[in-house]
Amino acid sequence: MKNLEVSLPFPNGEVFIPPSKSISHRMLICAGLAEGESILQNIAFSDDIIATKNGIKAFGAKIRYLGNYISDKANDVAVKGIKLANIRDNLTIDCKESGSTLRFLIPIALAYGKQVTFIGRGRLFDRPLDVFYDVFRKHGINYFMENDKPSLTVAGKLKPDTFNIKGNVSSQFISGLLFALPLLEGDSLIITTTPVESKAYIDLTIDALKRFDVKVENQDYEQFSIKGRQIYKAADCRVEGDFSQGAFWLAAGVLGGSITCFNLDINSHQGDKYIVDIIRKMGAQPVIGKNFIKVEASNTHGVTVDAAQCPDLVPIVAVLGALSRGTTQILNAGRLRIKESDRLKAISLELSHLGAKIVELADGLIIEGRDMLDGGIVDSWNDHRIAMALAVASVRCRNPVIIKHSDAVSKSYPGFWKDFIKLGGVVDEFDFRA
Ligand SMILES: O=C(O)C1=C[C@@H](OP(=O)(O)O)[C@@H](O)[C@H](O)C1
Ligand SMILES: C=C(OP(=O)(O)O)C(=O)O
């Protein structure tokens with residue numbers, strides 16, 4: 001656990017936004033399932049992406065770095081797909097804390113009919129999996145968790161079928177099935193039984209499948225038709241910049257500086273590009289370029305944000321709300337409680353430690369904005385998005401912010417503190433004993 005004392009009073013400069021974590025998971029998986037060798041450009045190895053890379057390697061995919069491997073920078077890699085005949089049984093795959101890795105690789109293991117033990121850390125196995133357990137029971141798939149161990153073993157073979165799946169627990173269950181069902185012997189259907197949240201992540205999955213020549217039909221997120229016996233074909237792709245990460249720097253610029261975020265394409269299908277609309281509605285005037293977005297310090301006011309389709313933006317939008325005139329309301333955010341931390345509790349408690357006025361509701365937040373916060377001691381709850389949001393709050397804190405478990409950022413953005421310093425931030429290790 002690393003504690004940092006941070007402040008960012010005048011964020012200023014240019015930052016190259018790291019590649020999208022969601023798209024990187026998808027490209028690695030599709031390339032891993034493909035016949036032939038794919039070249040993937042611009043992949044950064046955060047902890048979550050290392051988990052997926054190691055997962056497809058465990059299944060038998062071969063990865064080669066093109067150029068020197070640098071851990072917190074984007075790399076280009078060649079991926080040679082899995083050969084069914086070579087897949088070992090009884091594998092163990094470490095998903096670390098990555099919900100995407102776990103929920104994407106489980107159905108793939110079952111499409112190949114292999115026994116796999118998934119292990120992980122933090123809250124990974126406290127996050128829901130019951131949507132899959134219902135499928136397992138229907139398909140006679142054996143599954144068990146060892147007593148008190150954060151693990152899940154699955155064994156059995158998925159059959160082509162109609163899969164009735166809740167759409168408002170996690171879109172990752174649907175994405176996972178979309179990767180696996182094209183590999184089965186016959187056609188399948190996914191029918192969503194409740195309204196789908198996080199829809200854009202399903203779009204990213206379907207986009208990735210298309211790049212690798214796999215077709216699924218989306219009937220308005222109510223039904224997905226998937227033909228069986230499809231073959232993933234190798235493809236060369238470049239991963240675009242990550243709007244969920246860009247959101248932190250766009251917020252920092254709006255709160256008190258001038259920041260240009262490079263590697264953000266406004267034509268992206270990422271749902272979190274909604275951050276640009278949110279800051280605009282709050283009163284900022286982002287300048288949108290071909291591959292960059294520039295923001296300046298702005299007088300912002302509160303807004304109402306529906307978080308159902310953009311859950312990962314909530315921590316940073318809460319920071320923006322805490323420092324904007326009037327009231328900000330965040331609605332339909334109940335699923336934030338089943339992420340790396342209970343993000344509604346974590347962000348409301350920690351921002352209130354900094355002096356914000358914030359009320360936690362069952363599925364949302366109400367925030368009364370202030371001009372400045374006080375600063376002080378906070379905890380990331382071992383959650384990367386909470387750590388990064390609290391760091392950005394320091395733009396408008398009278399005193400430094402001391403963040404416990406600041407190293408949580410490595411889950412998605414290992415270079416975050418380097419970029420924080422590049423943009424004018426001051427960072428020092430903090431020792432509570434001193
Ligand atoms: O598919 C993905 O890449 C993701 C889907 C979202 O999860 P939910 O569908 O559970 O909201 C998002 O919160 C997560 O960070 C990444
Ligand atoms: C929730 C997240 O990721 P995952 O679900 O893949 O753990 C996240 O990155 O905020």
Side-chain angles (χ1 to χ4, degrees), residues 18-30 44 46-52 55 95-107 118 120-132 165-179 192 194-209 221 239 242-245 247-248 268-272 274 306-316 332-344 346-347 363 380-389 408-414 416:
S20 158
K21 172 163 82 83
S22 292
I23 297 177
S24 303
H25 280 302
R26 287 160 172 79
M27 295 300 177
L28 281 167
I29 288 172
C30 290
S46 60
D47 292 349
D48 282 13
I49 295 305
I50 291 172
T52 288
C95 300
K96 299 176 180 271
E97 296 186 48
S98 172
S100 304
T101 308
L102 179 65
R103 292 169 177 154
F104 297 166
L105 297 188
I106 287 175
F118 294 94
R121 269 158 250 170
R123 281 185 104 213
L124 184 63
F125 287 96
D126 300 329
R127 296 172 64 187
L129 285 169
D130 37 340
V131 171
F132 276 162
I165 303 289
K166 283 186 197 150
N168 60 346
V169 183
S170 168
S171 67
Q172 293 168 351
F173 298 114
I174 298 171
S175 286
L177 287 169
L178 288 172
F179 288 122
T192 52
T194 52
V196 175
E197 303 192 353
S198 285
K199 281 180 184 161
Y201 291 100
I202 298 180
D203 297 343
L204 294 184
T205 303
I206 295 176
D207 285 351
L209 290 171
Y221 305 92
V239 180
D242 192 319
F243 271 91
S244 320
Q245 310 298 37
F248 294 104
S268 164
H269 289 175
Q270 295 172 56
D272 282 359
Y274 186 45
D306 184 333
Q309 303 301 339
C310 57
D312 294 357
L313 291 181
V314 169
I316 192 61
N332 295 322
R335 290 182 310 122
L336 267 282
R337 298 195 187 280
I338 53 172
K339 302 287 183 186
E340 290 82 329
S341 69
D342 174 342
R343 286 184 176 159
L344 288 185
I347 199 65
D363 66 347
S380 76
W381 294 44
N382 192 36
D383 184 330
H384 53 138
R385 299 202 194 279
I386 301 296
M388 295 187 279
V409 300
S410 66
K411 185 174 190 284
S412 64
Y413 195 164
F416 178 83

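Counting convention: from 1, in listed order, for ligands and their atoms alike. Computation of the quantities below employed the complete heavy-atom set of this structure, encompassing side-chain atoms and omitting hydrogens, waters and symmetry-equivalent molecules.
- Of all the heavy atoms of Arg343, the ones lying under 4.0 Å from any atom of ligand 2 belong exclusively to the side chain.
- Using 4.0 Å as the threshold, His25 has no heavy atom nearer than that to any atom of ligand 1.
- Using modelled atom types, one side-chain atom of Arg335 and one backbone atom of Ala308 make a donor-acceptor pair closer than 3.5 Å.
- A donor atom on one side chain and an acceptor atom on the other are not found under 3.5 Å apart for His269 and Asp203.
- In the vicinity of Pro311, heavy-atom distances shorter than 4.0 Å reach the ligand 1 atoms 11 (O), 13 (O).
- Residues Ser412 and Gln245 have side chains that bring a donor and an acceptor to within less than 3.5 angstrom of each other.
- Using modelled atom types and a 3.5 Å distance limit, the side chains of Ser46 and Asp48 yield no donor-acceptor pair.
- Formation of a donor-acceptor pair under 3.5 Å by the Thr192 side chain with backbone atoms of Tyr221 is found in this model.
- For ligand 2, the atoms closer than 4.0 angstrom to any heavy atom of Gln172 are 4 (P), 5 (O), 6 (O).
- The protein heavy atom nearest to atom 9 (O) of ligand 1 is Ser171 OG, 2.5 Å.
- By the ring pair (Phe, Tyr, Trp, His ring centres under 6.0 Å) test, Tyr201 is found to be paired with no residue, residues two or more places apart in sequence or in another chain being considered.
- Closest to atom 1 (O) of ligand 1, if we only count protein heavy atoms, is Arg26 NH2, 2.7 Å.
- A salt bridge between Asp47 and Lys96 is absent, with no side-chain N of the basic residue lying under 4.0 Å from a carboxylate O of the acidic one.
- Gln309 places a side-chain N or O within 3.5 Å of a backbone atom of Val196 that can act as its donor or acceptor partner.
- For ligand 2, the atoms closer than 4.0 angstrom to any heavy atom of Asp312 are 8 (C), 10 (O).
- Checked against Ser171 for a side chain to side chain contact (heavy atoms under 4.5 Å, CB included), the options Leu204, Ile202, Thr205, Ile165 give a single hit: Ile202.
- Crowding of Lys166 atom NZ: a count of heavy atoms from other residues, nucleotides or ligands under 6.0 Å not exceeding 12.
- Heavy-atom contacts of Ser198 reach the following atoms of ligand 1: 8 (P), 9 (O), 11 (O) (cutoff under 4.0 Å).
- Between Lys339 and Asp383 there is no salt bridge, since none of the side-chain N atoms of the basic residue sits less than 4.0 Å from a carboxylate O of the acidic one.
- Within the structure, the closest approach of Arg103 to ligand 2 does not fall below 4.0 Å when heavy atoms are considered.
- Of the protein's non-hydrogen atoms, Gly99 N, 3.5 Å is the one closest to atom 4 (P) of ligand 2.
- Here is the list of ligand 2 atoms found below 4.0 Å of a heavy atom in Lys339: 1 (C).
- Short contacts between ligand 1 and Arg335, defined as distances under 4.0 Å to a heavy atom of the residue, involve ligand atoms 8 (P), 9 (O), 10 (O), 11 (O).
- Heavy-atom proximity to His384, at under 4.0 Å, picks out these atoms of ligand 2: 8 (C), 9 (O), 10 (O).
- Panel note: side chain Glu97, backbone Gly122; no donor-acceptor pair is recorded below 3.5 Å.
- Scanning the protein for heavy atoms near atom 10 (O) of ligand 1, the closest one is Ser170 OG, 2.7 Å.
- Each of the following atoms of ligand 1 lies closer than 4.0 Å to a heavy atom of Phe104: 1 (O).
- Shortest contact from atom 2 (C) of ligand 2 to any protein heavy atom: Glu340 OE2, 3.0 Å.
- Heavy-atom proximity to Ser22, at under 4.0 Å, picks out these atoms of ligand 1: 2 (C), 3 (O), 16 (C).
- Atoms of ligand 2 found under 4.0 Å from any heavy atom of Arg127 (numbered from 1 in listed order, with element): 1 (C), 4 (P), 5 (O), 7 (O).
- For ligand 2 and Lys411, the ligand atoms under 4.0 Å from any heavy atom of the residue are 3 (O), 4 (P), 7 (O).
- Side-chain N/O atoms of Arg127 and Ser170 include no donor and acceptor closer than 3.5 Å.
- Side-chain atoms of Asn168 do not come within 3.5 Å of backbone N or O of Thr194 as any donor-acceptor pair.
- For Ser98, the closest heavy-atom approach to ligand 2 falls below 4.0 Å.
- Among all non-hydrogen protein atoms, the one lying nearest atom 10 (O) of ligand 2 is Arg385 NE, 2.7 Å.
- Evaluation of the ring pair (Phe, Tyr, Trp, His ring centres under 6.0 Å) rule for Phe248 yields no partner, not counting sequence neighbours.
- In this structure the side chain of Arg385 reaches within 4.5 angstrom of the side chain of Ser244, judged on heavy atoms.
- The atoms of ligand 2 that sit less than 4.0 Å from any heavy atom of Glu97 are 7 (O).
- Below 3.5 Å of separation, one finds no N or O of Tyr201 facing any N or O of ligand 1.
- If you check which protein heavy atom lies closest to atom 3 (O) of ligand 2, you get Lys21 NZ, 3.2 Å.
- Taking atom 6 (O) of ligand 2 as the reference point, the nearest protein heavy-atom neighbour is Ser100 OG, 2.6 Å.
- The nearest protein atom to atom 14 (C) of ligand 1, hydrogens excluded, is given as Asp312 OD2, 3.5 Å; this is a heavy-atom distance.
- Contact analysis leaves Ser175 out of contact with ligand 1, as no non-hydrogen atom separation drops below 4.0 angstrom.
- With atom 8 (P) of ligand 1 as the reference point, the heavy atom nearest to it among Arg103, Lys339, Lys411 is part of Lys339.
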